[in-house]
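Reviewing the structure listed below.
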Amino acid sequence: MDMRPETIDFTNGIPVEAYVRGGCQYPYHWHDILEILQVLKGSVHIGIGDENLLLRENDIAVVNMSELHRITKTHEDNEILFIQIDDRFCQSVLP
């Protein structure tokens with residue numbers, strides 16, 4: 001199993017990044033940010049820790065900081081909204 005940390009840089013001075021990706025598939029990884037995913041089109045399998053979920057259009061998943069997770073494709077095309085929130089910002093508003 002390939003596992004690796006992912007580094008997210010918030011270089012624009014804003015503690016939030018948002019982007020949409022299609023055809024998503026990511027191996028197991030983790031990062032020190034809070035990540036919210038919303039399936040905009042199709043479906044994906046997401047593994048968070050030891051849970052495996054099937055997310056369909058409009059479903060949302062929240063991945064906590066430092067939580068091991070992956071995304072795998074289904075037979076459908078997919079499009080996912082990713083919202084990534086800097087851990088320092090999270091800690092400043094949620095002590």
Side-chain angles (χ1 to χ4, degrees):
M1 177 179 351
D2 181 27
M3 293 190 296
R4 59 181 178 232
E6 181 181 9
T7 302
I8 310 296
D9 292 319
F10 295 92
T11 56
N12 60 5
I14 299 171
V16 176
E17 285 282 325
Y19 57 90
V20 175
R21 292 264 159 74
C24 291
Q25 183 155 308
Y26 295 98
Y28 274 113
H29 66 286
W30 66 93
H31 30 66
D32 291 333
I33 62 163
L34 180 68
E35 187 168 57
I36 302 167
L37 302 95
Q38 180 181 11
V39 179
L40 302 175
K41 174 184 164 191
S43 62
V44 294
H45 292 284
I46 183 165
I48 302 175
D50 60 355
E51 289 188 58
N52 289 302
L53 308 167
L54 173 62
L55 299 182
R56 295 187 173 100
E57 195 168 314
N58 294 320
D59 286 347
I60 294 174
V62 177
V63 181
N64 209 348
M65 293 175 267
S66 300
E67 192 164 36
L68 186 64
H69 62 287
R70 74 174 177 176
I71 298 171
T72 55
K73 294 180 187 181
T74 64
H75 64 283
E76 298 180 285
D77 288 337
N78 64 57
E79 195 169 84
I80 300 173
L81 169 64
F82 292 86
I83 300 171
Q84 299 174 326
I85 305 170
D86 189 342
D87 65 316
R88 290 168 293 199
F89 176 77
C90 292
Q91 292 170 358
S92 72
V93 296
L94 302 169

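Quick caveat, the model's predicted, so the values are computed rather than measured.
- Considering every non-hydrogen atom in both Arg21 and Tyr26, the closest pair reads NH1-OH, 3.7 Å.
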Return a table of donor-acceptor pairs under 3.5 angstrom between the side chains of residues 38-51 and protein atoms on other chains or two or more places apart.
{"from": "Ser43", "atom 1": "OG", "to": "Thr74", "atom 2": "OG1", "distance (Å)": "2.7"}
{"from": "Ser43", "atom 1": "OG", "to": "Glu76", "atom 2": "OE1", "distance (Å)": "2.5"}

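- Between the side chains of His69 and Glu35, a donor-acceptor pair is found at a separation under 3.5 Å.
- Sparse packing is recorded around CG of Asp77, with 12 or fewer heavy atoms of other residues, nucleotides or ligands lying under 6.0 Å away.
- Side chain of Asn78 to backbone of Gly23: a donor-acceptor contact under 3.5 angstrom is found.
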Residues 55-68, side-chain donor-acceptor partners within the protein, below 3.5 Å, at least two apart:
{"from": "Asp59", "atom 1": "OD2", "to": "Arg56", "atom 2": "N", "distance (Å)": "2.8"}
{"from": "Ser66", "atom 1": "OG", "to": "Asp32", "atom 2": "OD1", "distance (Å)": "2.8"}
{"from": "Glu67", "atom 1": "OE1", "to": "Asn64", "atom 2": "N", "distance (Å)": "3.0"}

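- Under the 4.5 Å side-chain contact rule for hydrophobic residues, Ile36 and Val20 share a cluster.
- In this pair, Phe82 and Tyr19 present their aromatic rings parallel. The plane angle is below 30°, not in the 30 to 60° band.
- Interatomic distance, CD1 of Ile83 versus CD1 of Ile33, reported as 11.0 Å (0.5 Å rounding).
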